[in-house]
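Counting convention: from 1, in listed order, for ligands and their atoms alike.
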Amino acid sequence: MDKLKENIINIKNRIARAAQKAGRSADEITLVAVTKTVAPDIINQAIELGIRNIGENKVQELLSKYDVIERKGDVHWHLIGHLQTNKVKYIVDKVDLIHSVDSIRLAEEINKRAQKINRVVDILIQVNVSQESSKFGIEVSQCDEIIRHISALPYIRIKGLMTIAPFTQDPEEVRPYFRMLRNLSIDIKQKKYDNVSMEYLSMGMTGDFEVAIEEGANLVRIGTAIFGERNYN
Ligand SMILES: *Cc1c(COP(=O)(O)O)cnc(C)c1O
């Protein structure tokens, strides 16, 4: 069997098993195929095989692929990497969900650009639960205040939280971080802010998505296990 097809089937089975183990339905978990460094023809093959959500971490790369990806109406684009304020204008009309909002300034720029095209943009707040200095994302302690502020912006809807766990050999080590993000989303949900629903928890990558699903993830961002090891050359 074709390797890509095999990988996708395999990942879907693993998602289903992790969901079942946690007493959840696999239907509530969306697979975001992370396509950074992956060529458009391969992405199109993945779409042919049923992938409907694709994640890019760089604006430039997303733009270079946007027009050559097929089945435009059916495919949802996720921006999962750090977003610079000056790049918002290029993607605000293209992405379905921005996972990586990590400042009020960025949210304000998204709001401004969204207003210009009369579109309400869905976003997630990226939280640095592990407090690694190398990672983007707001601190847990700032979360409430920042969300309260962003909730007043009319062209943005906060749909949930996202985190990137530290890289480890043993995914059990990052379970506490996923649990922390989930608890944070429960706290925020209880505050019932306008324009804030805690519908999505975006957590889990190739090395740790099963643990993330056990801890409540419903958006998993998976690259390597679908497309193979990346080559950045
Ligand atoms: C690259 C990337 C992923 C996917 O990582 P894999 O380990 O290849 O599955 C997920 N989320 C973000 C933000 C990424 O940049």
Side-chain angles (χ1 to χ4, degrees), residues 3-4 6-15 17-18 29-40 42-43 45-46 49 51-65 76-84 87-88 91 95-103 106 122-138 159-175 177-178 181-182 200-233:
K3 187 71 186 159
L4 184 60
E6 191 181 310
N7 287 350
I8 291 172
I9 290 172
N10 189 22
I11 283 297
K12 288 192 169 163
N13 286 338
R14 285 172 62 188
I15 289 173
R17 250 180 279 131
I29 295 151
T30 298
L31 168 61
V32 178
V34 176
T35 52
K36 62 190 183 208
T37 78
V38 177
I42 309 285
I43 304 174
Q45 284 175 34
L49 293 165
I51 292 295
R52 289 292 175 270
N53 289 273
I54 60 186
E56 284 286 345
N57 70 334
K58 292 204 178 96
V59 167
Q60 220 52 50
E61 200 176 336
L62 189 154
L63 294 174
S64 76
K65 292 170 181 174
H76 305 291
W77 291 81
H78 299 252
L79 187 79
I80 60 173
H82 182 63
L83 176 58
Q84 287 171 291
K87 302 236 169 103
V88 170
I91 52 118
V95 293
D96 295 282
L97 188 63
I98 301 173
H99 291 229
S100 45
V101 176
D102 59 359
S103 72
L106 175 59
D122 290 342
I123 66 156
L124 306 179
I125 302 296
Q126 181 172 354
V127 187
N128 185 2
V129 279
S130 62
Q131 297 189 292
E132 279 188 300
S133 58
S134 61
K135 293 224 158 50
F136 291 106
I138 64 171
K159 298 287 240 177
L161 305 178
M162 177 271 221
T163 199
I164 304 172
F167 179 77
T168 52
Q169 291 301 330
D170 177 8
E172 280 304 325
E173 285 176 30
V174 294
R175 186 184 291 277
Y177 299 122
F178 294 145
L181 195 73
R182 171 145 195 258
Y200 295 119
L201 266 183
S202 170
M203 53 190 200
M205 308 178 16
T206 291
D208 56 23
F209 72 90
E210 282 138 324
V211 171
I213 288 170
E214 287 169 29
E215 295 301 328
N218 55 11
L219 284 174
V220 289
R221 311 175 309 264
I222 300 177
T224 308
I226 296 175
F227 299 107
E229 293 291 338
R230 280 180 289 277
N231 180 357
Y232 287 103
N233 298 325

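- Listed as neighbours of ligand 1 are Val34, Lys36, Asn57, Ile80, Ile164, Met205, Thr206, Arg221, Ile222, Gly223, Thr224, Arg230, each bearing a heavy atom under 4.0 Å from the ligand.
- With sequence neighbours left out, the ring-ring contact (aromatic ring centres under 6.0 Å, His included) criterion links His76 to no other residue.
- Judged as a ring-ring contact (aromatic ring centres under 6.0 Å, His included), and not counting sequence neighbours, Phe167 has no contacts.
- The nearest pair of heavy atoms linking Ile123 to Leu97 is N-CD1, 3.8 Å.
- Ion pairing between Arg14 and Glu210 holds under the 4.0 Å rule for side-chain N and carboxylate O.
- A search for side-chain hydrogen bond (donor to acceptor under 3.5 Å, both in side chains) contacts involving Glu56 returns Thr35, Lys65, not counting sequence neighbours.
- The aromatic rings of His82 and Phe136 sit parallel, their planes meeting at an angle under 30°, below the 60° perpendicular limit.
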